[in-house]
Amino acid sequence: MAGHRIVEIPASNLKKRMTEILYNQGYILKYKFEDDNKQGVIKIALKYDAATKQPAIQSLERVSRPGLRTYAKPAEFRRVKNGLGIAIVSTSKGVLTDKEAKAQNVGGEVLCYIY
């Protein structure tokens with residue numbers, strides 16, 4: 001939302017998987033995992049529309065938080081922006097999008113909604 005082209009964040013397995021999901025869904029341009037002899041760094045090149053300069057990620061809403069975890073079954077996943085957005089879910093089979101979790105019939109902790 002600040003208009004940055006490249007973002008660097010500390011790496012973790014959850015953040016790595018979320019970055020891969022965002023790349024596969026077309027929300028980010030490219031990413032790179034770098035090892036710095038500590039926990040590592042993820043460099044993400046954000047995607048913008050060439051004509052309007054609008055970011056590809058219009059909205060990112062955190063759902064589950066440490067004070068209030070939010071869990072859902074596959075039938076309870078709500079549609080994000082009438083099916084145009086995605087929800088990222090942490091399941092027993094790894095971090096998945098809501099559509100992948102529904103296809104595998106697994107529920108889990110809803111981490112965020114992205115549109």
Undergrad: Once rounded to the nearest 0.5 Å, what's the spacing between atom OG1 of Thr91 and atom CD of Glu100?
TA: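 If I round to the nearest 0.5 Å, the distance is 9.5 Å.
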
Undergrad: Got a second to check how far Phe77's CZ is from Ile86's CD1, nearest 0.5 Å?
TA: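 Those atoms lie 12.5 Å apart.
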
Undergrad: Over all heavy atoms of both residues, which pair between Pro66 and Arg62 is shortest? Give the atoms and the distance, please.
TA: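 In this case the closest contact between Pro66 and Arg62 is CD-NH2, 3.3 Å.
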
Undergrad: Taking atom CD1 of Ile57 and atom CD of Gln25, what is their separation to the nearest 0.5 Å?
TA: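 One finds 11.5 Å between CD1 of Ile57 and CD of Gln25.
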
Undergrad: Is the shortest heavy-atom distance from the side chain of Leu68 to the side chain of Arg65 under 4.5 Å?
TA: yes

Undergrad: What residue pairs, at least two apart or across chains, pass salt bridge (Lys or Arg N to Asp or Glu O under 4.0 Å) with a residue in residues 19-38?
TA: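 Sorted pair list: Arg17-Glu20, Lys32-Glu34, Glu34-Lys43.
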
Undergrad: Step through the shown structure and confirm whether more than 12 heavy atoms of other residues, nucleotides or ligands are within 6.0 Å of CD1 on Ile6.
TA: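 No, because the 6.0 Å sphere around CD1 of Ile6 holds 12 heavy atoms or fewer from other groups.
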
Undergrad: Can you run down the ring pair (Phe, Tyr, Trp, His ring centres under 6.0 Å) pairs that involve residues 1-29, sequence neighbours left out, and say none if there aren't any?
TA: Tyr23-Tyr31

Undergrad: Would you check if Val106 and Leu96 make a side-chain contact, meaning some heavy-atom pair closer than 4.5 Å?
TA: yes

Undergrad: In the single-linkage hydrophobic clustering (I, L, V, M, F, W, Y; side-chain heavy atoms under 4.5 Å), do Leu46 and Ile9 co-cluster?
TA: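 Same hydrophobic cluster.
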
Undergrad: Give the cluster check for Val7 versus Tyr48: same hydrophobic cluster or not, with ILVMFWY residues linked at side-chain heavy-atom distances below 4.5 Å.
TA: yes

Undergrad: Taking all non-hydrogen atoms of both residues, which atom of Gly26 and which atom of Ala56 are closest, and how far apart?
TA: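 Scanning both residues, the minimum pair turns out to be O-CB, 4.4 Å.
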
Undergrad: List the steps and the verdict of side-chain contact (heavy atoms from CB on, under 4.5 Å) for Lys16 and Thr19.
TA: CA-CA 5 Å; Lys16 286 180 182 179; Thr19 302; 5.7 Å; no

Undergrad: Decide whether Ile28 and Leu60 are clustered together by the hydrophobic rule: side chain heavy atoms of Ile, Leu, Val, Met, Phe, Trp, Tyr closer than 4.5 Å, transitively.
TA: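 Yes, Ile28 and Leu60 fall within the same hydrophobic cluster.
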
Undergrad: For the NZ atom on Lys99, are there more than 12 heavy atoms of other groups (residues, nucleotides or ligands in this structure) within a distance under 6.0 Å?
TA: yes

Undergrad: Return all side-chain donor-acceptor pairs below 3.5 angstrom for residues 107-115, not counting sequence neighbours, or 'none' if the list is empty.
TA:
from: Glu109; atom 1: OE2; to: Ser64; atom 2: OG; distance (Å): 2.6
from: Glu109; atom 1: OE2; to: Arg69; atom 2: NH1; distance (Å): 3.1
from: Tyr113; atom 1: OH; to: Arg78; atom 2: NE; distance (Å): 3.3

Undergrad: For Asn105 versus Pro74, what's the shortest heavy-atom pair and its separation?
TA: OD1-CG, 3.5 Å

Undergrad: Please answer: with hydrophobic residues joined when any side-chain heavy atoms are less than 4.5 Å apart, are Val80 and Ile88 in the same cluster?
TA: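 In one cluster with Val80: Ile88, no.
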
Undergrad: Check whether any side-chain heavy atom of Ile44 sits under 4.5 Å from a side-chain heavy atom of Leu22, and report yes or no.
TA: no

Undergrad: Looking at every non-hydrogen atom in both residues, tell me the closest pair between Ile21 and Val95 and how far apart they are.
TA: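 Of all heavy-atom pairs spanning Ile21 and Val95, the closest is CD1-O, 3.6 Å.
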
